[in-house]
**Q** 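So that we are looking at the same thing, I have put the structure below in structure tokens.
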Amino acid sequence: MTALSVLLLSLVSLLQSNNEVSLTFVGDAMQHSPQITAALTASGSYDYSRCFTHVASDIANADYAVVNLECPLGGKPYSGYPAFSAPDEYAAALRDVGFDLTLTANNHCLDRRDAGLRRTCATLDALGMPHIGTYANADERAQSLPFITVIKGIRFGFLCYTYGTNGIPVQGDAVVDLIDRDLIARDIETTRQAGAQVLCVCLHWGIEYVLQPVKSQRDLADWLVEQGVDLIIGGHPHVVEPMEMRHSKAYDKDVLLVYSLGNFISNQRDIDSRGGALVKVKVRMDGNKPLVHDAACRLFFVQKPSYRGENYVLIPEGRTDLLRPDSRDEYTRFMQRTHDLVLRYNRDVACLK
């Protein structure tokens with residue numbers, strides 16, 4: 001290597017070390033039938049703009065924001081649980097509020113079978129929304145992965161997998177990335193070889209409505225830390241589960257581990273699923289080593305509409321001025337239970353208010 005090459009590499013390393021990237025992750029963005037009805041306008045279109053007003057700054061101010069789209073964009077007729085199909089305007093609203101990456105590998109991605117999966121991918125492409133986790137076919141997966149995005153000069157690699165698809169099999173050549181250690185190990189190696197400096201693995205895992213991670217989650221998280229992953233972000237349980245900064249002795253670096261962010265927005269009724277968390281974290285490079293630090297979460301509550309023409313609204317913790325009187329009790333119970341049963345198990349991840 002020439003002296004000039006060494007100098008250039010040193011300069012690049014120095015510049016990267018001065019760049020700090022802020023990331024924001026949220027959980028399951030769902031569309032139950034009452035949500036679809038609430039968004040329907042007199043013109044026949046769907047308006048979700050009011051849903052995210054009070055969390056928009058948390059998302060837009062991040063250098064990069066990630067959301068799990070837990071409903072296919074399968075076209076009409078639109079439907080909620082158990083076989084989802086959301087209006088395209090829903091995805092557009094997520095884009096417009098500032099999300100940069102959409103996760104699509106989850107247990108509902110085949111609710112409208114292969115055709116719905118392919119339409120979801122095509123619609124996100126048309127909206128200009130990058131997405132990972134499901135693909136129209138193997139060629140599309142090969143073209144999409146490794147998924148690496150450069151943020152402030154730092155190369156971030158993202159991967160996404162789900163435990164299953166509610167027993168619905170792929171019927172043609174569509175691809176769903178399932179949790180399989182051999183597959184994940186190959187993808188990690190390929191992404192690293194392609195130049196990723198920071199690696200984030202997003203997982204749809206765990207048991208619904210269970211407030212603590214189960215053994216399969218803990219075991220897989222341990223294995224991912226051993227693989228050198230920097231960020232492990234989980235969803236699916238529809239409740240918030242603990243999050244922690246884990247130190248990897250083998251790589252001498254800290255790893256952010258989030259077991260579940262709960263729901264981003266939904267119509268679920270159980271008190272523990274009436275809201276969720278967004279997690280913020282900062283990353284910078286120290287030479288060749290990523291430094292993951294300043295991880296913090298913020299809770300929010302989903303206020304349901306009380307009359308026709310009102311929509312679902314996310315209420316951040318502490319913004320009780322935004323609550324209707326009839327929502328206060330559920331808001332209080334959700335916040336208290338989430339703090340008492342979950343967040344007290346957090347390790348080195350602060351809770352913002």
Side-chain angles (χ1 to χ4, degrees), residues 1-25 61-66 100-101 103 130 132 145-161 181-203 213 217-234 242-259 261 278-297 346-350 352:
M1 182 179 292
T2 66
L4 179 59
S5 298
V6 172
L7 179 61
L8 289 173
L9 286 174
S10 299
L11 180 59
V12 170
S13 178
L14 178 62
L15 290 173
Q16 288 178 338
S17 69
N18 292 328
N19 286 341
E20 189 166 75
V21 175
S22 62
L23 303 171
T24 292
F25 298 87
N61 291 341
D63 293 317
Y64 204 74
V66 181
D100 301 287
L101 178 63
L103 310 175
I132 55 171
L145 297 182
F147 181 87
I148 297 176
T149 185
V150 180
I151 312 168
K152 291 184 175 179
I154 301 174
R155 297 185 297 277
F156 286 79
F158 290 87
L159 296 167
C160 175
Y161 307 90
R181 293 194 187 191
D182 290 338
L183 172 64
I184 297 172
R186 290 195 302 271
D187 288 345
I188 288 174
E189 179 64 20
T190 301
T191 306
R192 289 290 191 199
Q193 288 180 352
Q197 297 167 289
V198 183
L199 189 55
C200 175
V201 176
C202 300
L203 299 160
Q217 289 169 276
R218 295 182 185 277
D219 289 348
L220 183 55
D222 291 344
W223 180 80
L224 287 168
V225 172
E226 292 172 0
Q227 305 308 303
V229 170
D230 301 289
L231 303 140
I232 304 166
I233 308 294
M243 49 200 80
E244 62 187 68
M245 292 296 297
R246 174 86 62 86
H247 187 73
S248 168
K249 293 182 179 179
Y251 292 89
D252 188 26
K253 65 179 181 180
D254 289 333
V255 179
L256 174 61
L257 168 58
V258 177
Y259 282 111
L261 288 168
L278 61 81
V279 66
K280 302 180 177 185
V281 63
K282 295 178 181 178
V283 181
R284 63 183 176 87
M285 297 299 297
D286 182 12
N288 293 323
K289 182 186 298 184
L291 297 180
V292 179
H293 63 103
D294 284 355
C297 67
N346 278 15
R347 293 196 323 210
D348 298 320
V349 179
L352 303 171

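Computed from a predicted model, the values in this text were never measured in an experiment.
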**Q** Apply side-chain hydrogen bond (donor to acceptor under 3.5 Å, both in side chains) to Arg347 and list each qualifying residue two or more places apart in sequence or on a separate chain.
**A** Glu244
**Q** Roughly how far apart are Leu103 CG and Ile132 CD1, rounded to 0.5 Å?
**A** 5.5 Å
**Q** Is any side-chain heavy atom of Leu203 less than 4.5 Å from a side-chain heavy atom of Ile232?
**A** yes
**Q** Using every non-hydrogen atom in the two residues, find where Asn346 and Met243 come nearest and quote the distance to one decimal.
**A** OD1-N, 3.0 Å
**Q** As an exercise, state the distance from CD1 of Ile148 to CD1 of Ile154, rounded to the nearest 0.5 Å.
**A** 13.5 Å
**Q** Indicate yes or no: at least one non-hydrogen side-chain atom of Ile188 is less than 4.5 angstrom from one of Val229.
**A** yes
**Q** With side chains defined as the heavy atoms from C-beta onward, is the minimum distance between Phe25 and Val258 less than 4.5 Å?
**A** no
**Q** Considering non-hydrogen atoms only, spot the tightest contact between Gly195 and Arg155 and give its length.
**A** O-NE, 2.6 Å
**Q** Under the rule for side chain to side chain contact (heavy atoms under 4.5 Å, CB included), what residues qualify as partners of Asp63, not counting sequence neighbours?
**A** Val21, Ser22, Ile151, Lys152
**Q** Which atoms form the tightest heavy-atom contact between Gln197 and Pro290, and what is the distance?
**A** O-CG, 3.6 Å
**Q** Just to verify, what does Lys282 make a side-chain hydrogen bond (donor to acceptor under 3.5 Å, both in side chains) with, not counting sequence neighbours?
**A** none
**Q** If I take atom CH2 from residue Trp223 and atom CD1 from residue Ile184, how far apart are they, to the nearest 0.5 angstrom?
**A** 5.5 Å
**Q** What residues, two or more places apart in sequence or in another chain, satisfy side-chain hydrogen bond (donor to acceptor under 3.5 Å, both in side chains) together with Arg192?
**A** Asp230
**Q** Asn61: what forms a side-chain hydrogen bond (donor to acceptor under 3.5 Å, both in side chains) with it, not counting sequence neighbours?
**A** none
**Q** Please walk me through it: do Leu291 and Glu20 pass side chain to side chain contact (heavy atoms under 4.5 Å, CB included)?
**A** CA-CA 9 Å; Leu291 297 180; Glu20 189 166 75; over 6 Å; no
**Q** At what distance, to the nearest 0.5 angstrom, does SG of Cys160 lie from CG of Leu101?
**A** 8.0 Å
**Q** List the atom of Pro146, the atom of Thr190, and the distance in Å for their closest heavy-atom pair.
**A** CD-CG2, 4.0 Å
**Q** Name the one of Arg246, His293, His247 that satisfies side chain to side chain donor-acceptor pair (under 3.5 Å) with Asp254?
**A** His247
**Q** Got a sec, which residues hit side chain to side chain contact (heavy atoms under 4.5 Å, CB included) with Ala350, two or more places apart in sequence or on another chain?
**A** Ala296
**Q** Under the salt bridge (Lys or Arg N to Asp or Glu O under 4.0 Å) test, which residues partner Asp182, sequence neighbours left out?
**A** none
**Q** Shortest non-hydrogen contact from Thr24 to Ala62?
**A** OG1-CB, 3.3 Å
**Q** Does Asp348 have any side chain to side chain contact (heavy atoms under 4.5 Å, CB included) partners at least two apart in sequence or in another chain, and if so, which?
**A** Met245
**Q** For Tyr64, check ring pair (Phe, Tyr, Trp, His ring centres under 6.0 Å) against everything at least two apart and list the hits.
**A** Phe158
**Q** Can you name the ring pair (Phe, Tyr, Trp, His ring centres under 6.0 Å) partners of Tyr161, sequence neighbours left out?
**A** none
**Q** Carefully, step by step, assess Asp294 and Lys280 under the rule salt bridge (charged side-chain N to carboxylate O under 4.0 Å, His left out).
**A** CA-CA 8 Å; Asp294 284 355; Lys280 302 180 177 185; over 6 Å; no
**Q** If I take atom CG from residue Leu159 and atom OG1 from residue Thr191, how far apart are they, to the nearest 0.5 angstrom?
**A** 4.5 Å
**Q** Tell me every residue that passes salt bridge (Lys or Arg N to Asp or Glu O under 4.0 Å) with Arg186, counting only those two or more places apart in sequence or in another chain.
**A** none
**Q** Tell me, please, which residues at least two apart from Ala221 pass side chain to side chain contact (heavy atoms under 4.5 Å, CB included).
**A** Trp205, Leu257, Tyr259
**Q** Where is the tightest heavy-atom contact between Leu256 and Val349, given as atom of each residue plus distance?
**A** CD1-CG2, 4.1 Å
